[in-house]
Amino acid sequence: MQAPSVGGVMLPRGKGETVRLSRGASLTDFAEKINANPASLVQVMLNLGEMVTATQSVPDETLLLLGEEMNYVVQIVSPEEEDRELLESFDIEFGEDEGDDQAMLPRPPVVTVMGHVDHGKTRLLDAIRKTNVIEGEAGGITQHIGAYQAATEVNDQERKLTFIDTPGHEAFTAMRARGAKSTDIAILVVAANDGVMPQTVEALNHAKAAEVPIVVAVNKIDVEGADPTKVRGQLTEYGLVAEEYGGDTMFVDISAKQGENIDSLLEAVVLTADAALDLRANPEQDAQGLAIEAHLDRGRGAVATVLVQRGTLRVGDTMVVGDAYGRVRAMLDDKGEQIKEAGPATPVLVLGLTNVPGAGDNFLVVDEDRTARQIAEKRAARERNAAFAKRTRRVSLEDLDKVLKAGQVQQLNLIIKGDASGSVEALESSLMQLDVGEEVDLRILHRGVGAVTETDIDLATGSDAIVIGFNVRAEGRATQMADREGVDVRYYSVIYKVIEEIEAALKGMLKPEYEEIELGTAEIREIFRSSKLGNIAGVLIRSGEVRRNTKARLLRDGKVVAENLNIEGLRRFKDDVTEIREGFEGGINLGSYNDIKIDDTIATYEMREKPRS
Ligand code: GDP
């Protein structure tokens with residue numbers, strides 16, 4: 001049979017078969033699935049009026065359109081689905097309890113504390129920990145492992161509750177974004193002297209979207225001017241009506257600082273859980289659950305706090321957590337005591353993993369080490385592929401010469417962001433005077449004062465532009481976005497250097513050099529003054545991870561205010577740590593540098609030799 005032609009290109013046309021493609025697949029991935037030449041798919045897209053390279057990750061619509069054009073039914077598979085299928089291929093089902101109704105026993109609720117910054121989330125978690133944590137055998141001091149269990153008496157019965165000890169909806173949302181349901185109930189903390197604030201509403205919306213019942217803790221009632229009634233009134237506008245007003249949300253007035261009414265709050269949480277949820281799990285099966293927090297410990301290797309959601313986790317079990325695996329060498333509870341087993345809704349610190357999993361990764365116990373290794377390796381490979389597929393080759397200064405020779409671009413597009421309008425203009429006019437020869441056009445698509453933003457990266461992505469940051473850095477998620485989209489963002493602080501490099505690139509003579517790799521950013525939320533160490537920044541890690549002894553710079557409103565700083569000290573709660581990940585809070589000491597302000601960003605980076613492309 002002769003292959004029919006689509007849009008003038010000969011193609012093995014489908015017969016309406018279903019082709020399954022991962023989200024973010026490229027035309028090459030598609031071609032592989034149907035045994036076609038990637039170039040022919042590029043051609044089909046061209047005929048459809050879209051220019052797509054073979055290895056570039058394309059949106060769902062493009063894959064669907066292409067499928068339709070060639071008579072295939074394209075099914076886009078999400079990463080979660082893909083993972084489910086991977087586990088199915090090992091005959092493992094994740095997320096459902098095994099056994100019938102009788103196998104299911106009541107379990108404690110898992111609670112997250114959310115609310116506006118400074119309304120007392122951390123203080124509340126500390127207050128509960130102090131007064132309600134179940135006494136350990138040795139009466140041990142509680143350890144911060146990312147979650148802990150507390151207990152309270154309700155109707156003469158001791159009831160346990162599990163608290164996720166990383167306040168804020170960032171962690172909650174990050175986990176949810178990965179398809180992980182970590183929380184049964186949310187405590188929404190609202191300071192009675194401040195009322196409903198933007199992050200209160202944000203947190204509330206996140207909890208609602210996740211269909212998690214909410215108990216409102218009206219905090220700081222000890223403060224003068226506290227108005228708990230007003231908080232109740234404000235929240236009715238968002239659909240949270242207090243029981244005493246005929247609604248079904250429990251409001252409890254508390255003072256986290258004075259430890260007042262904490263028991264009533266816990267009771268309200270238990271009662272809300274009893275009324276709204278049927279929290280049961282099978283403790284008898286192989287354990288499954290979620291990683292809540294993990295880090296590399298110098299002495300103990302990879303350690304992860306996991307929340308057992310069903311089954312019982314035991315020392316000696318073989319487990320997979322995300323793309324890490326291993327045999328549980330030891331388990332510690334939230335009091336730092338060694339335990340042998342952990343049942344549903346128990347958080348435990350696990351030692352013995354091969355590497356550090358991510359927060360929100362699922363974990364499961366399997367029968368054989370080999371299975372664990374295979375699942376972990378497949379997941380790691382999938383992540384690598386996805387990351388690779390996304391690194392589409394856009395224009396960078398290093399390969400400009402090659403791209404120009406190949407006739408792929410005739411124009412170098414630039415976006416310039418700088419710290420002051422004077423410098424931006426000076427830079428622009430010097431660049432425009434560059435003698436760039438006949439073949440290539442230098443165009444400045446956009447220039448402006450301020451940080452390199454996600455909008456800039458968007459623009460660069462759409463037009464294959466190179467972004468120049470002159471005495472400014474990227475803000476928010478712009479760096480990750482640029483990495484993902486393969487946009488070349490370059491930072492300079494001297495004009496002639498910009499001119500020199502652009503000129504060299506145009507002449508194809510750019511030397512390989514050291515490039516700066518951004519490691520993480522931290523937002524300063526509080527400043528602690530220590531007589532010994534100077535100012536300590538209380539931070540929330542906004543992206544990546546911050547590691548001790550790496551280089552850093554300080555940004556204020558997107559502008560660099562200090563360079564060449566060093567992360568001298570890094571703490572999480574009372575402990576010195578080597579790194580803190582995105583979504584977590586901690587303390588940073590910048591050595592002798594003390595000129596920090598709330599809302600400043602600490603960006604850390606390291607220099608790596610850029611490979612010649
Ligand atoms: P978070 O940002 O929501 O975690 O807030 P924190 O727990 O860090 O609390 C912010 C500030 O409010 C801290 O200085 C606390 O000591 C203070 N605070 C928290 N709860 C109370 C309270 O019930 N009464 C008073 N007076 N201050 C409180």
Side-chain angles (χ1 to χ4, degrees), residues 111-133 142 144 146-148 150 163-174 183 185-207 214-232 234-235 251-266 268-269 292-293 522-530 535-542 571-574 580 582-588 596-600:
V111 189
T112 299
V113 176
M114 297 165 114
H116 194 74
V117 63
D118 272 351
H119 279 196
K121 300 180 293 289
T122 313
R123 195 75 195 240
L124 173 61
L125 281 163
D126 287 346
I128 299 170
R129 191 204 321 270
K130 235 178 265 153
T131 48
N132 296 75
V133 158
T142 58
H144 285 274
Y148 64 82
F163 284 87
I164 307 278
D165 195 7
T166 47
H169 55 258
E170 288 88 357
F172 177 82
T173 314
T183 300
I185 287 214
I187 294 181
L188 183 64
V189 179
V190 188
N193 58 342
D194 205 17
V196 171
M197 297 299 276
Q199 284 172 292
T200 314
V201 178
E202 216 175 282
L204 186 154
N205 287 335
H206 281 299
I214 297 170
V215 172
V216 181
V218 182
N219 191 29
K220 304 201 188 184
I221 52 163
D222 60 293
V223 175
E224 212 180 274
D227 190 350
T229 317
K230 187 170 150 208
V231 174
R232 285 168 173 74
Q234 288 178 321
L235 282 175
F251 281 64
V252 184
D253 296 342
I254 63 162
S255 165
K257 192 176 177 184
Q258 301 182 344
E260 205 172 317
N261 267 349
I262 304 296
D263 272 317
S264 315
L265 177 64
L266 299 191
V269 171
I292 290 176
E293 200 181 287
E523 182 186 313
I524 303 187
R525 300 203 144 177
E526 264 181 284
I527 293 166
F528 305 100
R529 294 175 216 286
S530 146
N535 284 349
I536 313 259
V539 300
L540 172 74
I541 309 302
R542 279 288 179 202
R571 291 198 140 197
R572 226 173 112 53
F573 299 103
K574 302 275 176 292
I580 306 182
E582 182 173 351
F584 293 105
E585 294 178 312
I588 292 179
I596 52 174
K597 289 210 170 99
I598 287 181
D599 286 340
D600 283 356

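Everything numeric in this text was worked out from a predicted model, so none of it was measured. First listed ligand is number 1; within each ligand, the first listed atom is number 1.
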Exercise for the section: Please step through side-chain contact (heavy atoms from CB on, under 4.5 Å) for the pair Ile187 and Val189, ending with a clear verdict. Expected result: CA-CA 6 Å; Ile187 294 181; Val189 179; 4.2 Å; yes

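Distances from atom 19 (C) of ligand 1 to the heavy atoms of Gln199, His116, Arg123 put Arg123 nearest.
Heavy-atom proximity to Val223, at under 4.0 Å, picks out these atoms of ligand 1: 25 (C), 26 (N). Taking every heavy atom of Val117 and a limit of under 4.0 angstrom, the matching atoms of ligand 1 come to 2 (O).
In terms of polar-atom proximity, defined here as any N/O pair under 3.5 Å, Ile254 makes no such contact with ligand 1. Residue Leu124 places no N or O, backbone or side chain, under 3.5 Å from any N or O of ligand 1.
Donor-acceptor pairing under 3.5 Å is recorded for the side chains of Asp194 and His119.
Here Gln258 has no heavy atoms under 4.0 Å from ligand 1, in either its backbone or its side chain. At a heavy-atom cutoff of 4.0 Å, ligand 1 is contacted by both the backbone and the side chain of Asp118. Contact annotation for Thr122 and ligand 1: heavy atoms of both the backbone and the side chain come within less than 4.0 Å of the ligand.
The shortest distance between side-chain heavy atoms of Asn205 and Glu202 does not fall below 4.5 Å. Taking the side chain as every heavy atom from C-beta outward, Arg525 and Glu585 approach each other to under 4.5 Å. Side chains of Thr112 and Phe163 form no contact here, defined as non-hydrogen atoms less than 4.5 Å apart.
Taking 4.0 Å as the cut-off between side-chain N and carboxylate O, Asp600 and Lys597 do not count as a salt-bridged pair.
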